Amino acid sequence: MKKFSVPALFIFIAVGTVVAAHFEMIDLYVQTIIMFIGVNIILSSSFNIINGYMGEFACGHAGFMAVGAYVTSILNVMFFTSNKTFGDPILSPELALWFFPVTMIIGGIAAAITGVLVAIPSFKTRDDYLAIITLAANFIIVSLFINMDTLGGPRGFMGMKQVLFAMEDVVFIPWMLIWTFTFTYLVVFLIRRFVSSTYGKGIIAIHQDEIAAEIMSVNTDKMKLVAFMFSSGLAGIAGGLFAHILGYINPNSFNILKSTECLVMVYLGGMGSLSGSIIAAILFTLLIEMLRFIIPAADTLLHFIPLIPDTFHLSQVLKWVIIPFILVILMQFRPEGIMGNRELSDFFPKLKKYYEFK
Amino acid sequence: MFDSIIQNIFNALQWGSFYSLIALGYTLVYGVLRLINFAHGDIFMVGAYIAYFIAIFFFKGSPALSGTTTLALVIPLTMILTAVFGVTLERIAYRPLRRKGANRLYVVITALMCGLILENGNLAFLGASRKSFPELIDKVVYNFGMISMTNLKIGVILSSIIVYFILNTIISKTKIGMAMRGISYDKFAIPLMGIPIDTIIVVTFILGSSLAGLAGILFAMSYPILDPFMGAIIGWKAFIAAVVGGIGDIKGAFVGGFLLGIVEILVVAVFPSTFRDLIAFSILLMILVIKPTGLFGVAKSTKI
Amino acid sequence: MLLEIKNLYVKYGNIEALHGISFNVDKGEIVTLIGANGAGKTTTLHAITRVPPPEGSKVSGGDILYNGKSLLNVPAHLIVSDYHIALAPEGRHIFGNLTVEENLKLATYSRPDDESLKRDYERVYTLFPKMAERRYQRSETLSGGEQQMLSVSRAIMTACNFILLDEPSMGLSPLLMYDMFRVLKQLNEEGMTILLIEQNANLALKFAHRGYVMDTGEIVASGTAGELLNNPEVKRAYLGG
Amino acid sequence: DDTIKIGFNIPLTGEIPKVGEESKFAGQMLLNEVNAKGGIDVGGKKYKLEFIYEDNESKAESAVAVSLKLIEKDQVLAMVGPNSSKQAIPAGQVANDNRTPMISPWSTNPDTTKDRPWVFRAAFIDPFQGPIAVDFAIKTFKAGKAAVLYALANDYSKNLAEIFQADFKKKKGDGAIVAFESYGDKDQDFSAQLTKIIAAKPDVIFLPNNYNEVALIVKQAHDLGWKGPFMGADAWGNSELMTLCGDDCKGHYFTTHYAAAGAKGATKEFIDKYQKLFGYQPADVAALTWDAINVVLAGIQNAGKLTGNIRKDRQAVRDGIAAIKEVKGITGNMKFDEQGDPIKCAVVVKINDAGQFEFAESVCP
Amino acid sequence: MSLLKINGLTHQFGGLTAVSDFSTEFHGNELMGLIGPNGAGKTTVFNIISGFYKPTEGKIMFKGHSISGMKPHSVTSLGVARTFQNIRLWHDMSLLDNILISQHYNLGYNLFDLFVRNRRYMDNEKRMKSIAIKLLEQLDLVQFIDEQPKNLPYGIQRKIEIARALSVKPSLLLLDEPAAGLNSSDVQELIKLIRWIHKEFDIAIWMIEHQMAVVMSLCSWIQVIDFGKTIAQGTPEEIQNNPAVIKAYLGDDKI
Ligand SMILES: Nc1ncnc2c1ncn2[C@@H]1O[C@H](COP(=O)(O)OP(=O)(O)OP(=O)(O)O)[C@@H](O)[C@H]1O
Ligand SMILES: Nc1ncnc2c1ncn2[C@@H]1O[C@H](COP(=O)(O)OP(=O)(O)OP(=O)(O)O)[C@@H](O)[C@H]1O
Ligand SMILES: [Mg+2]
Ligand SMILES: [Mg+2]
């Protein structure tokens, strides 16, 4: 039953969470964190295609996320809600439920097309020059959205909550949670199929020796195009989910800082390790949220002992000192990321009985 | 109209000087270690803060020295302290990773993290208030018709040019400079030439960080408001400038910095200012598409 | 004895590559190490020149004595500048982004700028006229053989008394290979000690005074060049005949 | 249970940490005062206050996560913040969806409260502030031509700039705005924009920008030879403005919520206490946070009594706030319109030669 | 129609003419040698044929197609495979993957098939895998199938590189110094291997090599270039006794 073990485990977790959410056994905060984890898993594992498997140093993932976020949001808001920019809904709001995945995919396609912008220069450019192209692309995309007044410009764009309400009006279950689970699974599934095929391994060959790859009949230009489009398309889907979880987007949510977070997750997990990306995304998201609880707890503890003066309080500011610090320390101990370029089953051979990465 | 153009050229030169100075530091470290030192922008910020504290101590504090004397002290002290800071960072964060033979991108990510620690550490320990840099030299505004220039701006432009020439000589003429370039290509062979690799790397960080310190002083004097995040964006942009010039190449960084300054300012002068980033980055992107190794970068021709 | 290797053990991580080898080189000698691929020849040279990790390995036992002093705690760059031991490494490791001349200049990093320096430049340029011809070319665009010449020239330029050569003839045309061995012979006659690794064992043994045969991290035979050339075991296993 | 929990959703890190800090300090000050008196009296029972400060990192997504954490995990009765509209808009949605009263002290974008019965604010909105600045500029500087320099990526700044532009054009003709320039996130050099502005020869330059940028802009304009007046908006009103800007800012005017210099009564008392505790003069955001908390407390008292059932109590508090007749705030007295926006006066202050923010004029709706 | 016909090939790097007016022809499945002093331009000729450089002048016809200026992967797909002077394997992948990836010229499925894992995908993956395994068995490498090349001895790596080149089913195999770095006994093995491949796979082989033992015992025809120009060509005996070749290249073996 090797083949079904992972899907079964996943379905168990997903259904469990959704049911628990529906009956309010887990609260909205926890649900949101779970959804952010999903989005981050999509972001890091899709970014890993370029930065891990293909070994390029791209750093503008958030730009593609922005394209996906805006396109899906606009489509959904335009078609299923009444809005001051786009007027009355074009389709009946009940249909939102059925078209939601379609709009996600359209958003992904739009982001993939934007990815071509970066892919074509990558034919000739490598390394840190490519890093700049992606970085510049990120700046350009954000700047473009800031300048689009009809989409709210810097004020951002909203109305996606209405889309969600439209879905909930049809059946009242936690839809966003369901969509996040579905797309996260789908994305990981597709990436795994891609990188374990002979076709997909072409990008690993490019990573290790591009010249040898080209000479051994790998069409490197095409592979790069595919890889960039695939990766940015998936980032677009992450963006679409993100927009609907939040109900509001704003160009600055997709600036370099967001790209930096993606970078951190990829390298923390390990270049070219899909399970690494997933683990890193989970850890990273949880770490950020846990520190909300840990810092005040530590503060109380230190005052209780008492180790620090009454007037001094550990502030939340320390969070963004602690997180990078933990990462720096982690890198010192595991300078190839949590998983290196290996998968879970390589670490725990016993797991091979239950699942196989191929 | 003509006045505006001249005025903008001066504006661009001054603004470009800062990009240049920071880009030079980036390129120096990159040229040696192939390490994109993403913390460089924050070392620049640290430089500005060090300058601030020294200036406050001598100028406003008990010694109460005159502005020019203070400046004469601030420049060397800041450069030295910033250099010490940069070297320490190398020692504790980058060197162990290098020793372990980590993929260079992990060092890059570590640099990124160190940058965050510096920014937020500053915020946590110095508080959220911004610092105001004292006016050390009396500002003189020279007016030529509609064109205004200040003594400070002229000083900034001159400094960056002088720094460039000094650095260029070091890199291309001296043995240390050669060793620096050699390391970037083949670390393995460096000790075989009798060259202490760590010393060269430390020298690199000393040069790069003291430049960031100098840029910090000049910046703090020109834009006298210091905040913990002041180095972030300018650092990213200077990095872009360095790459467009041809990363690892001193001339490239120098020209790239001025180029970015000029493009940014001229775009605003000609187009609606809302399009600045859009147009400026599109131009840079175009340059890279046409010349994939930047303006002065040499393609690393792999022998097969 | 100039160089004495005593019961040397070397590890890459957990894998032991040398299992206690001992040999020595006298002043003014040419000694060759031959043996199959992966026998540990390069590892031995790296241990002597103290190439640091991560490229290098770790000495886990034994000692390396040079003029009676242990090299084990000497940092790599001092091996060159203080002990005047030079290595022309396997895989050339030239500085591709520097010109030929800059490569040579870098090799003189720890040397004073004196008469002997001038003499060495001249010597290298006469030994390898190609180097003079390509003086201002970026060295990564040199052909394979030209790069090999540069690597050997660089080792000569570090003003050493003792030169370690790791497969210097690799990729050289026959003419150049003979030329280079002639040059090395000449250097040896001028007093240079040479430790040579060569795949072409026949050639190496014709050229050297003495030789050691290595196999999977151990020394399996030793003797004068003549003895080894006539040793039937060695002949069969390493001389291709 | 006899504590009342109120959550703060504020930017302690990120782009505007100072804003978060002042909100937090105002909160601490109020909390200590109330609890020192034994708490507040609701329906004859004394309740102690408990404030929970959460950092939204100046990011929209964190603001949402924080809102949910406060609402779901901490079970707060009401939420104060976020401060800037970028976070307040999405957080407002969360509060509204989850039926928790929220009041943003500082957000001036109409969307924050629009069609959200559960969301209130303590600041007046931009469409009110802009015309005041226009009228004042026309009257005081005899301005027939004006230029605007705003922060493109800052919705507050952009919004206000556009309102000013529209209103000025309406009053002085279409060509009256001679330059309408912008700059980007975290920019430090404004020389190109200022060169353009100065070349267009306006009578006044309107700067609806954050105080730190104002200091740089004003200095650079003077370097480029500008000698005319600047007109600013409420984001100028920070104690740091003068340390950063120095002499360059003296003599200029801005519209805001309250004037610190020459403040009287409760306002002065607040400023003095704050200064004593934290070492600097509070900016408008501190004052507005103070008022915002007081609005919540007034709402709670209006509710009459607390049942302990958080859903019912939240509903009661929301109704209580909406029903407020008038709260005496230190930034002026306020009551709420049907959108949850306060009806209150704005003031124009002058930065006098001593560097104090001096009352110049008050405009009420 | 000849297999490969090169006419008047010239290539310049900046001012340096690395190859000048070079011509040659493969009629059928010959085993030819290309020798010459270091820097003569031999590797450059190979690089041009495999599409890595676009020649400044000249024509290259392979199986009747003009291939000058074609992309390397297309040239390979037409049936030209090569090895490198310095080994260029994908060192962090398994041997099997090294061989599999070289099947890119003939994947037989597209992205859609890959994502849905349909019949076509499965069949083709199976086909490629069996091709790879068969090849490895033929070359006696199958015991290393899961090893990473970086962990294998140098001699084996050289052999793997040849195996990888063979996996694209070439009609012409270019070997750039296959014996470099091999010890004397490995060289003997290599000679046998190349002879065997030439016969078994029935393909044309063109090799660059500095070890005369290899060239002279294998090649039926040898071309000598110096400064990019052909200075001699002929059978091994002719070349060995050609004074120009001796002067420029072979030298005399006295040390
Ligand atoms: N960096 C390394 N990490 C791990 N093992 C290594 C490393 N370098 C060499 N080895 C192993 O050490 C052993 C000796 O290698 P070494 O390179 O010294 O052999 P050699 O005799 O020089 O071979 P060759 O003739 O191929 O140059 C080999 O088994 C090799 O696989
Ligand atoms: N990318 C390049 N740029 C400039 N010159 C080059 C480049 N590649 C090769 N050359 C020069 O072209 C000449 C021919 O080089 P090539 O590599 O073809 O030599 P080769 O005949 O293969 O020599 P070897 O036997 O030493 O490998 C050499 O002089 C080399 O310096
Ligand atoms: Mg070796
Ligand atoms: Mg060659």
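Everything numeric in this text was worked out from a predicted model, so none of it was measured.
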| Are the charged groups of Arg88(E) and Glu161(E) less than 4.0 angstrom apart, N to O? | no

| field | Leading residue by heavy atom contact count with chain C [cutoff under 4.5 Å; candidates Ala213(E), Gly181(E), Pro153(E), Gly41(E)] | value | Gly181(E)

| Considering all heavy atoms, the nearest Phe22(E)-Ile6(E) contact | O-CG2, 3.6 Å

| task | Apply the test ring-ring contact (aromatic ring centres under 6.0 Å, His included) to residues Phe46(E) and Phe52(E): give CA-CA distance (whole Å), side-chain angles for both, the deciding distance (0.1 Å), then the verdict. | result | CA-CA 9 Å; Phe46(E) 275 20; Phe52(E) 199 70; over 10 Å; no

| field | Test item: Met192(C) and Cys160(C) side chains (from C-beta on) under 4.5 Å apart, heavy atoms | value | yes

| request: May I ask you to check whether over 12 heavy atoms, not counting those of Glu133(C), lie within 6.0 Å of atom CD? | output: yes

| request: Name the region of Lys247(E), side chain, backbone, both or neither, that has any atom closer than 4.5 Å to a heavy atom of chain C. | output: backbone

| query | Is the gap between the ring centers of Tyr9(C) and His19(C) under 6.0 Å? | reply | no

| Contact winner vs chain E - Gly91(C), Ala36(C), Gly171(C), heavy-atom pairs under 4.5 Å | Gly171(C)

| task | Could you check which of Glu146(C), Arg134(C), Met149(C), Lys130(C) has the highest count of heavy-atom pairs closer than 4.5 Å to chain E? | result | Glu146(C)

| note | With chain E, the option among Ala201(C), Gly38(C), Ser169(C), Gly145(C) that has the most non-hydrogen atom pairs under 4.5 Å is Gly145(C)

| task | Can you tell which part of Ala248(E) gets under 4.5 Å to a heavy atom of chain C, answering side chain, backbone, both or neither? | result | backbone

| In terms of heavy-atom pairs under 4.5 Å, which option from Leu182(E), Val187(E), Leu16(E) contacts chain C the most? | Leu182(E)

| Which one, Ile156(E), Asp186(E), Ile208(E), Asn183(E), leads in non-hydrogen pairs under 4.5 Å with chain C? | Asn183(E)

| field | Asp21(E)/Lys229(E) salt bridge by N-O under 4.0 Å criterion | value | no

| Does Arg123(C) come within less than 4.0 Å of Glu190(C), counting only side-chain N to carboxylate O? | yes

| field | Residue, of Leu176(C), Leu184(C), Ile15(C), Leu172(C), that accumulates the most heavy atom pairs under 4.5 Å with chain E | value | Leu172(C)

| note | Scored by heavy-atom pairs under 4.5 Å with chain C, the best of Met212(E), His210(E), Glu209(E) is His210(E)

| said: Which atoms of Ile35(E) are under 4.5 Å from chain C, going by heavy atoms: the side chain, the backbone, both sets, or neither? | reply: neither

